[in-house]
Amino acid sequence: MASTGSAPAAPHGTDGSHHPARTGWTAFAAVLMIFGGVMAVFQGISAIAKDDVFVATRNYVFQFNLTGWGWIHLVLGIVIVLAGCALFTGALWARVIGVILAGLGALANFAWLPHYPLWSIVLIAIDIFIIWALCTGGDSRAQA
């Protein structure tokens with residue numbers, strides 16, 4: 001039989017044309033990375049601008065100058081925002097960098113616990129969710 005040229009369309013995502021950034025989890029992780037990065041930038045700015053905004057407890061293991069922590073959060077936040085924007089391209093390198101930076105963000109917020117415990121716990125939870133979303137939400141092709 002001759003083909004009419006109107007073959008049925010392949011199911012969504014099975015023809016290889018599905019863009020990875022359009023999967024829900026990757027896009028959500030990108031938005032969370034941008035949000036978490038902006039919050040880290042605000043943490044950094046507030047720690048650099050005015051050291052008496054945060055109360056530090058005595059005798060904690062992570063004794064580091066609050067201004068130093070501010071610079072760490074500021075730089076890390078900017079890099080996380082840029083990586084979150086790069087996730088919208090759907091590139092594999094952006095996903096790998098996103099996982100690495102979310103891990104670094106979780107570690108930085110863990111070390112920030114003595115200064116602002118509740119906010120640190122919230123950002124650690126967001127970073128863990130970003131890692132989960134980037135590790136599981138990459139390939140949504142149907143298994144046939």
Side-chain angles (χ1 to χ4, degrees), residues 5-144:
S6 61
H12 183 68
T14 60
D15 62 349
S17 67
H18 180 67
H19 198 270
R22 293 190 185 132
T23 62
W25 291 118
T26 304
F28 190 59
V31 170
L32 282 180
M33 280 188 74
I34 293 170
F35 171 76
V38 168
M39 293 299 108
V41 167
F42 288 150
Q43 273 180 320
I45 290 172
S46 63
I48 292 167
K50 192 147 180 136
D51 281 345
D52 59 352
V53 171
F54 299 102
V55 176
T57 59
R58 290 185 180 184
N59 300 325
Y60 63 95
V61 178
F62 313 112
Q63 290 185 1
F64 198 59
N65 186 359
L66 190 60
T67 305
W69 277 120
W71 281 106
I72 289 171
H73 281 284
L74 180 67
V75 171
L76 189 60
I78 291 170
V79 174
I80 289 174
V81 168
L82 293 175
C85 293
L87 272 175
F88 286 116
T89 66
L92 180 62
W93 65 265
R95 297 173 63 83
V96 171
I97 296 296
V99 170
I100 292 169
L101 289 176
L104 288 175
L107 288 175
N109 282 304
F110 179 75
W112 187 255
L113 276 169
H115 299 288
Y116 210 148
L118 181 63
W119 189 245
S120 295
I121 291 170
V122 169
L123 287 179
I124 289 169
I126 288 174
D127 287 330
I128 290 171
F129 186 75
I130 289 168
I131 293 169
W132 175 82
L134 290 177
C135 289
T136 61
D139 193 14
S140 63
R141 295 181 184 168
Q143 299 293 327

List the atom pairs, donor and acceptor, that lie under 3.5 Å between side-chain atoms in residues 117-125 and the rest of the protein, sequence neighbours left out.
residue, atom, partner, partner atom, Å
Ser120, OG, Asn109, O, 3.4
Ser120, OG, Tyr116, O, 2.9

**Asked** So which heavy atom on Thr26 is nearest to which on Arg95, and how close?
**Response** OG1-NH1, 2.8 Å
**Item:** Qualifying residues under side chain to side chain contact (heavy atoms under 4.5 Å, CB included), relative to Ala108, sequence neighbours excluded
**Value:** His73, Leu76
**Item:** Where Ala47 and Gly70 come nearest, the two heavy atoms and their spacing
**Value:** CB-CA, 3.6 Å
**Asked** Do you know which two heavy atoms are closest between Gly98 and Leu134, and how far apart they sit?
**Response** C-CD1, 3.7 Å
**Fill in**
Taken in chain and number order and not counting sequence neighbours, the residues that satisfy side chain to side chain contact (heavy atoms under 4.5 Å, CB included) with Ile78 are Val41, Leu74, Leu82
**Prompt:** Sequence neighbours excluded, which residues qualify as ring pair (Phe, Tyr, Trp, His ring centres under 6.0 Å) partners of Phe129?
**Reply:** Trp25, Phe28, Trp132
**Prompt:** Taking atom CG of Leu107 and atom CH2 of Trp112, what is their separation to the nearest 0.5 Å?
**Reply:** 15.5 Å
**Request:** Any chance you could lay out the side-chain contact (heavy atoms from CB on, under 4.5 Å) test for Phe35 and Ile80, step after step, and finish with the verdict?
**Result:** CA-CA 9 Å; Phe35 171 76; Ile80 289 174; over 6 Å; no
**Complete:** Closest non-hydrogen atoms of Ala40 and Gly77, given as atom of the first, atom of the second and distance, are CB-CA, 3.7 Å
**Complete:** Heavy atoms of Gly105 and Asp127 approach each other most closely as C-OD2, 3.1 Å
**Item:** CH2 on Trp69 to CD1 on Ile48, rounded to 0.5 Å
**Value:** 13.0 Å
**Item:** Nearest-0.5 Å distance, CD1 of residue Ile131 to CG of residue Leu101
**Value:** 10.0 Å
**Request:** Would you list the pairs meeting side-chain hydrogen bond (donor to acceptor under 3.5 Å, both in side chains) in which at least one residue belongs to residues 28-40, sequence neighbours left out?
**Result:** none
**Asked** Taking all atoms of both residues into account, what is the closest heavy-atom pair of Val99 and Cys135, and its distance?
**Response** CG2-SG, 4.0 Å
